[in-house]
There are 2 protein chains.
Amino acid sequence: MPRNKPRKQPPARSAKPYRDSSGATLADYPQPSVAVDTAVLTLAPRAHPAPGAAPHRLSVLLVRRPEGVDGPQWALPGTFLHQGERLADAVTRSLTEKAGITGGHPAQLAVFDEPDRDERGWVLSVAHLAVIGYAALDDALLAHPDRVRLAPVSRLEPLPYDHKAIVAAAVRELRRRYADRPDPEHLLGARFTFRELRDVHEAIAGTTLHHEAVAGTLQKDTFRRAMDPHLQGTGTMSTGTIGRPSQRFRRTR
Amino acid sequence: MPRNKPRKQPPARSAKPYRDSSGATLADYPQPSVAVDTAVLTLAPRAHPAPGAAPHRLSVLLVRRPEGVDGPQWALPGTFLHQGERLADAVTRSLTEKAGITGGHPAQLAVFDEPDRDERGWVLSVAHLAVIGYAALDDALLAHPDRVRLAPVSRLEPLPYDHKAIVAAAVRELRRRYADRPDPEHLLGARFTFRELRDVHEAIAGTTLHHEAVAGTLQKDTFRRAMDPHLQGTGTMSTGTIGRPSQRFRRTR
DNA sequence: CTTAGTTAGAGCAGAAATGATCTAACACTG
DNA sequence: CAGTGTTAGATCATTTCTGCTCTAACTAAG
């Protein structure tokens with residue numbers, strides 16, 4: 001939850017206060033505090049990838065809350081909106097300040113508006129999703145292991161406020177994006193093999209369905225055929241990987 | 001745009017001001033004004049239904065703006081958030097106050113956060129969708145034709161602020177909901193014939209595709225087969241309708 | 001009453017999608 | 001070097017889906 005040093009600025013109003021038909025300015029309306037909270041999702045490499053299991057684990061970034069707060073000690077990174085700031089910029093700023101992370105294109109998820117959701121007062125929170133590759137997170141995780149860490153989204157630990165609902169919404173949105181396009185968030189590089197692509201999609205889908213069919217369709221053949229029209233082969237082949245070498249592909253368009 | 005008489009309340013803060021680690025209260029953070037704007041979508045009956053064309057027209061509710069404002073004279077209904085109010089409640093209130101309309105379950109669409117979107121100052125707008133049957137709107141339209149009217153969403157007239165984008169988002173969301181379920185917003189009653197159902201879905205989809213196939217699949221047979229599992233027949237048959245009588249259906253679950 | 005126009009609903013053949021099978025090509029182990 | 005395990009990619013039979021056709025049942029117009 002946001003808790004930076006506040007800038008002691010006056011409430012928002014235009015230079016020449018606008019007055020409406022009843023002679024009131026905007027400042028006469030009650031104004032909630034507005035915060036952004038972000039579920040940063042990434043694929044963490046599994047320490048000991050069980051044979052046949054996905055080598056990645058869909059994880060969410062947590063930051064340690066200030067000393068002395070009640071409840072869970074870890075939460076999603078967030079911040080209050082600064083004067084005139086765009087929501088996406090506030091998200092980017094919060095990630096830089098709280099976790100030393102750059103990059104990611106924040107996407108709005110929903111506004112959480114329960115009046116009592118924050119014991120500090122009336123706070124609206126705009127939940128966001130940011131998908132960031134593990135490589136871009138690694139530095140921050142190593143530099144501040146006491147303040148920043150990853151948690152798997154399956155069997156998620158208790159989180160304060162409605163952060164659990166935010167993570168759930170973020171995962172839903174991510175799965176929706178990955179349902180019909182090959183790695184749209186570029187968790188892989190520009191070129192990749194089919195296996196690499198499938199590992200990413202399986203980790204995000206959360207199902208191991210290596211062979212077993214599951215409602216919603218993600219099986220070896222189905223997956224390949226669904227992604228095929230959005231891929232084009234580069235001539236080059238993978239080397240050094242296990243099994244028969246695969247052509248490397250890149251996304252079309 | 002909202003412009004009611006403001007309640008001269010102080011900015012939001014808890015009874016016992018919460019102080020964070022730097023001793024600041026929430027009121028020390030700059031706070032934007034928060035408004036809700038709602039695209040009320042309905043199916044207006046067509047005056048002269050051309051033969052073969054859908055008898056409904058997907059329309060959005062507009063309210064007249066106060067005298068003397070620049071730009072378009074009609075806009076989406078909206079209001080500023082009251083102290084401690086839920087967003088959905090503010091939407092319901094704005095519809096009652098501005099248009100005398102009750103009912104509808106508002107759904108959040110997105111937050112519009114351009115700092116300069118409103119010349120009166122820093123205003124965040126949370127866009128909403130409400131789907132309301134024409135019958136519930138008819139009274140208000142007849143009672144206040146000078147203040148409330150419907151406009152077709154195809155070839156939408158110019159609207160102030162980013163209201164055109166809000167309508168576009170609302171239509172997109174409505175189409176998504178109607179893509180795989182029979183009339184989920186209950187624009188029809190509990191029982192209806194297949195033709196009535198198809199007229200509603202075609203009006204929402206915007207395509208006339210009576211026979212002609214279109215990418216995205218909505219053809220007579222395809223539509224019937226897609227909706228079939230979500231419908232169950234009541235024994236009764238329609239009477240007085242044109243063509244062969246149809247069984248009346250109701251939604252399952 | 002007859003004819004034209006419209007809709008409901010079943011039936012059918014061709015098209016497309018699915019899941020399995022099979023072979024090729026590599027790494028790794030002993 | 002032979003054997004095992006893994007993956008890539010093509011091929012195939014079967015299931016499922018799609019769009020069309022056909023008949024039945026009604027209204028409205030002449």
Side-chain angles (χ1 to χ4, degrees), chain A residues 49-56 179-180 182 188 191-203 207-250, chain B residues 46 49-56 179-180 182 188 191-203 205 207-250:
Chain A
H56 306 119
D180 58 350
L188 295 169
R191 289 145 205 277
F192 43 82
T193 67
F194 245 108
R195 168 127 293 278
E196 291 166 343
L197 182 65
R198 195 153 80 94
D199 282 341
V200 166
H201 279 254
E202 282 188 351
T207 51
T208 318
L209 46 147
H210 216 27
H211 312 96
E212 41 231 329
V214 162
T217 323
L218 186 67
Q219 197 225 173
K220 186 194 167 201
D221 305 277
T222 311
F223 176 70
R224 170 177 277 261
R225 282 190 276 247
M227 295 303 151
D228 199 53
H230 305 113
L231 294 175
Q232 65 183 11
T234 69
T236 62
M237 304 296 272
S238 68
T239 60
T241 56
I242 195 173
R244 173 173 163 175
S246 159
Q247 201 179 171
R248 305 204 97 97
F249 295 88
R250 64 162 171 261
Chain B
R46 246 180 230 281
H56 304 119
D180 58 350
L188 295 169
R191 289 145 205 276
F192 43 82
T193 67
F194 246 110
R195 166 126 296 276
E196 292 167 343
L197 182 65
R198 195 153 80 95
D199 282 341
V200 166
H201 279 253
E202 282 188 350
T207 51
T208 317
L209 47 147
H210 215 27
H211 313 96
E212 42 232 330
V214 162
T217 324
L218 185 68
Q219 197 226 172
K220 184 194 168 201
D221 305 280
T222 312
F223 176 70
R224 170 178 277 260
R225 281 190 277 247
M227 295 303 151
D228 199 53
H230 305 112
L231 294 175
Q232 64 183 15
T234 69
T236 62
M237 304 297 272
S238 67
T239 60
T241 56
I242 196 171
R244 173 173 163 176
S246 162
Q247 200 179 170
R248 304 204 98 97
F249 296 88
R250 63 161 170 263

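Any value given below was found using the heavy atoms of this structure, including those in side chains, with hydrogens, waters and symmetry copies removed. For clarity, every value in this text was computed on a predicted model and none was experimentally measured.
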Test side-chain contact (heavy atoms from CB on, under 4.5 Å) applied to Q247(A) and R191(A), M237(A), Q232(A), the passing residue: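 That would be M237(A).
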Could you tell me if the side chain of [Y] sits less than 4.5 Å from the side chain of [X], heavy atoms only?
| X | Y | value |
| --- | --- | --- |
| M227(A) | R198(A) | no |
| L188(A) | F249(A) | no |
| R248(B) | T193(B) | yes |

Rounded to the nearest angstrom, tell me the gap between atom [atom1] in [X] and atom [atom2] in [N].
| X | N | atom1 | atom2 | answer |
| --- | --- | --- | --- | --- |
| R224(A) | dT11(D) | CZ | C1' | 13 Å |
| M227(B) | dT18(D) | CE | P | 12 Å |
| D228(A) | dA8(D) | CG | P | 13 Å |
| L197(A) | dT7(D) | CG | P | 15 Å |
| D199(A) | dT6(D) | CG | P | 14 Å |
| L231(A) | dA8(D) | CG | P | 13 Å |
| F223(A) | dA8(D) | CZ | P | 11 Å |
| Q219(A) | dA17(C) | CD | P | 15 Å |

About how many Å separate [atom2] of [Y] and [atom1] of [X], when rounded to the nearest 0.5 Å?
| X | Y | atom1 | atom2 | value |
| --- | --- | --- | --- | --- |
| L197(A) | H201(A) | CG | NE2 | 4.0 Å |
| H56(B) | E196(B) | NE2 | CD | 8.5 Å |
| R224(B) | Q219(B) | CZ | CD | 12.5 Å |

According to a strict under-4.0 Å criterion, is T222(A) in side-chain N/O contact with OP1 or OP2 of dA17(C)?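 No, outside the criterion.
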Using a cut-off of strictly less than 4.0 Å, decide whether R225(A) has a side-chain nitrogen or oxygen near OP1 or OP2 of dT18(C).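 Answer no for this pair, as no side-chain N or O of R225(A) is under 4.0 Å from OP1 or OP2.
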Give the minimum heavy-atom separation between R225(A) and P229(A), together with the two atoms involved.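 Minimum heavy-atom contact is O-CD, 3.2 Å.
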Dump the pairs, protein N or O against N or O of nucleotides 22-24 of chain C, anything under 3.5 Å, distances to one decimal.
unit_1  : atom_1 : unit_2  : atom_2 : d
dA24(C) : N3     : R244(A) : NH1    : 3.1

Those residues of residues 235-243 of chain B lying under 4.0 Å from DNA chain D by at least one heavy atom: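 Heavy-atom contacts with DNA chain D come from T241(B), G243(B).
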Using a strict threshold of under 4.0 Å (side-chain N to carboxylate O), is an ion pair present between R195(A) and D199(A)?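 R195(A) and D199(A): salt-bridged.
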Nucleotide nearest [X] (side chain, heavy atoms from C-beta), chosen from [options]:
| X | options | result |
| --- | --- | --- |
| D221(B) | dC26(C), dT21(D), dG9(D) | dT21(D) |
| F194(A) | dC26(C), dG9(D), dG9(C) | dG9(D) |
| R195(B) | dG19(C), dC26(C), dA8(C) | dA8(C) |

